[in-house]
2 protein chains.
Amino acid sequence: MNAEASVDCSRAEARRAQILAAASDCFRAHGFHGASISQISKTAGMSAGHIYHYFENKEAIIAAIVAHDLDWLLTLSASWRAADDVLEAMIDGAAEGVKRNLDRSTAGLNLEILAESSRNPEVAAIVQNASRRCNENISEILRLVRKGKGLSIDDATIATMIDVLGTMFEGVLARGVRNPGLDADRFTRAFQGAVRNLITTPGFPADPRA
Amino acid sequence: MNAEASVDCSRAEARRAQILAAASDCFRAHGFHGASISQISKTAGMSAGHIYHYFENKEAIIAAIVAHDLDWLLTLSASWRAADDVLEAMIDGAAEGVKRNLDRSTAGLNLEILAESSRNPEVAAIVQNASRRCNENISEILRLVRKGKGLSIDDATIATMIDVLGTMFEGVLARGVRNPGLDADRFTRAFQGAVRNLITTPGFPADPRA
C-alpha cells in the first residue's frame with residue numbers, strides 16, 4: 001500500500017469509528033428504533049449520505065459494534081492463552097469483563113442490542129454469530145485449562161459450561177441498572193469465585209442418568 | 001364488600017389484565033418508545049380513554065408489569081420458606097426461574113424493560129424498588145438456609161450473594177437470544193449446581209484482607 005492509500009484508509013477508519021461512537025450514543029439514548037440515521041448523522045457531525053457510504057443501514061452499524069466487542073474479547077482471550085497459568089489469567093480477565101459490563105454505557109448499549117435481538121431476526125443473527133465465534137474461542141481455552149487439571153473435556157461439559165459462563169457475564173449488564181449501590185469490588189471477587197468454581201467443576205455429563 | 005362491588009372489582013381487574021397483556025405485546029414488538037398508547041389500546045380492543053382510566057402513562061403500565069413479576073417471585077419464595085428442606089426447595093425453584101427467563105416472551109419484555117431502565121430514570125426507579133423488595137425477601141431465606149448449615153450470615157456475605165444470584169438469573173434472559181440451540185435441560189441442571197455452590201459457599205467477608 002502506498003502512503004496515499006494508507007492515509008485514505010486511516011481516514012476511512014476514523015470516519016467509521018466516529019459513526020459508531022455517534023450511533024452507540026443514539027441507540028443508548030433513544031433505542032434502536034428511536035435512533036434515526038438523520039439523528040446519528042447530526043450527532044456524528046456528517047451528512048446522512050456519508051453515513052450510508054460506510055453503512056447500508058442501522059443493522060450494519062450494529063454488526064460493526066458487535067464485531068468490535070468480539071475483537072476486544074478475542075484479544076483478551078489470546079492473552080490468557082499465552083499466560084503461564086491460563087486459569088488464573090482467565091480469573092483475572094473475569095474482573096475486566098465484570099468492569100466492562102457494569103459500565104453504564106456498555107450496559108445500556110448491550111441491553112438495547114439484546115432487546116432488539118429478541119424482535120429483529122437480522123440483529124439476532126448478528127448477535128448469535130458473534131456468540132458462536134466467542135464460544136469456539138473460549139471452548140478451546142477451557143479445554144486447555146481443564147485438560148491440564150485432569151478434568152473432563154467432553155463436548156457436553158464444555159458447551160454447558162460456556163452457556164452458564166456466558167449467562168453470568170451477560171447478567172452483569174443488568175446488575176448496575178438493578179442495584180446502583182453495588183459494591184463493585186466485593187461483587188467482582190465473589191463473581192470471580194463463582195467463575196472459578198464453574199470452570200473447575202468435575203463435569204456435566206451429556207446424560208446425568210448415565 | 002357487597003356482591004355488586006365485588007363484580008365491579010373483578011371487572012376492573014380483568015380490564016387491567018387485558019391492558020397489561022396488550023402493552024406487554026406492544027413493548028416486546030416495538031420497544032417501550034415505539035409502542036404508543038393508541039397502539040396499546042388497539043391491541044387491547046378498548047379506547048385510549050379507557051387505558052388512561054387505569055394507567056396514567058406507559059411508565060405506570062411498566063410499574064404494574066414489574067409488580068406482577070415481583071408477586072410471582074414472592075409467592076414462589078413463600079413456598080420455599082414453608083418447605084421441609086429450604087435449600088432443596090430453592091434449587092428446585094431455580095429451575096422454574098430459568099424456565100421463565102428462557103421463555104422468549106418473558107425475555108423480550110424484560111430485556112426491553114432493562115434497556116429502558118438504563119435511559120429512563122422513572123423506569124429505573126420502578127425496577128430498583130422491585131429489586132430491593134425481592135432482595136430483602138431472598139436475604140431472609142438465605143439467612144435461614146445458611147444458619148441451619150452453620151455458614152456465615154453476615155450482611156456483606158448475604159448482600160454479595162444476592163447480587164451474584166440476581167446476576168445469574170438476569171443473564172438467563174439473554175441466553176435464549178444468544179444461543180437458540182441451547183439444551184435447556186442440561187443448562188438448567190448446570191445452572192442449579194452453580195446456584196447451590198454459591199448459596200453454600202463459606203462466605204464473602206466485608207474485607208477480604210481481614
Side-chain angles (χ1 to χ4, degrees), chain A residues 28-34 104 107-119 124 127-128 130-132 135 156-157 159-164 166-183 185-187 189-191 193-194 197-198 201 204-208, chain B residues 28-34 104 107-119 124 127-128 130-132 135 156-157 159-164 166-183 185-187 189-191 193-194 197-198 201 204-208:
Chain A
R28 255 193 301 269
H30 310 287
F32 181 80
H33 285 285
R104 296 305 284 264
L109 181 60
N110 280 281
L111 288 168
E112 178 58 28
I113 292 175
L114 286 167
E116 185 60 22
S117 296
S118 74
R119 59 182 159 248
V127 164
Q128 288 159 11
S131 282
R132 256 194 304 276
N135 292 357
T157 290
T160 303
M161 197 165 280
I162 293 273
D163 277 313
V164 178
T167 297
M168 292 175 65
F169 280 96
E170 275 138 34
V172 177
L173 296 168
R175 190 58 5 201
V177 174
R178 286 212 170 261
N179 181 5
L182 184 76
D183 182 330
D185 284 347
R186 200 185 290 158
F187 173 75
R189 286 192 301 271
F191 188 95
N197 278 340
L198 184 70
T201 208
F204 307 118
D207 183 349
Chain B
R28 253 193 301 269
H30 310 287
F32 181 80
H33 285 283
R104 296 304 284 263
L109 180 59
N110 281 280
L111 287 168
E112 179 58 28
I113 292 175
L114 286 166
E116 185 60 22
S117 296
S118 73
R119 57 182 161 248
V127 163
Q128 287 160 10
S131 282
R132 258 194 302 277
N135 291 357
T157 290
T160 303
M161 198 167 280
I162 293 271
D163 276 314
V164 179
T167 298
M168 291 175 67
F169 280 98
E170 275 138 34
V172 177
L173 295 168
R175 190 56 7 197
V177 174
R178 285 211 170 262
N179 181 5
L182 185 75
D183 182 329
D185 284 346
R186 200 185 292 158
F187 173 74
R189 287 192 301 272
F191 188 94
N197 278 341
L198 184 71
T201 209
F204 307 118
D207 185 348

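Chain letters run A, B, ... following the sequence lines, proteins first, then strands; residues in each count from 1. These values consider heavy atoms only, across backbone and side chains, with no hydrogens, waters or symmetry-generated copies.
- The parts of Arg175(A) that come within reach of chain B are both its backbone and its side chain, each placing non-hydrogen atoms under 4.5 angstrom from that chain.
- Considering only heavy-atom pairs separated by less than 4.5 Å from chain B, the leading option among Glu112(A), Glu116(A), Arg119(A) is Arg119(A).
- With a threshold of 4.5 angstrom between heavy atoms, Ala174(A) approaches chain B through its backbone and through its side chain.
- Leu198(A) contributes atom CG, which lies 11.0 Å from atom CZ of Phe191(B) (distance to the nearest 0.5 angstrom).
- Judged by distance alone, the side chain of Gln128(B) and the main-chain N or O of Val177(A) form a donor-acceptor pair under 3.5 Å.
- For the side chain to side chain contact (heavy atoms under 4.5 Å, CB included) with Thr167(B), the lone residue among Val172(A), Leu182(A), Leu173(A) that qualifies is Val172(A).
- Heavy-atom pairs under 4.5 Å with chain B peak, among Gly171(A), Gly34(A), Ser117(A), at Gly171(A).
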Trace of the side chain to side chain contact (heavy atoms under 4.5 Å, CB included) decision for Leu114(B) with Arg178(A): CA-CA 8 Å; Leu114(B) 286 166; Arg178(A) 286 212 170 261; 4.2 Å; yes
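- To the nearest 0.5 Å, atoms CD1 (Ile162(A)) and CG (Asn179(B)) are separated by 10.5 Å.
- Listed options Ser118(A), Gly108(A), Ser131(A) were ranked by heavy-atom pairs under 4.5 angstrom with chain B; first place goes to Ser131(A).
- Contacts with chain B were tallied for Met161(A), Arg28(A), Met168(A); Arg28(A) has the most, counting heavy-atom pairs under 4.5 Å.
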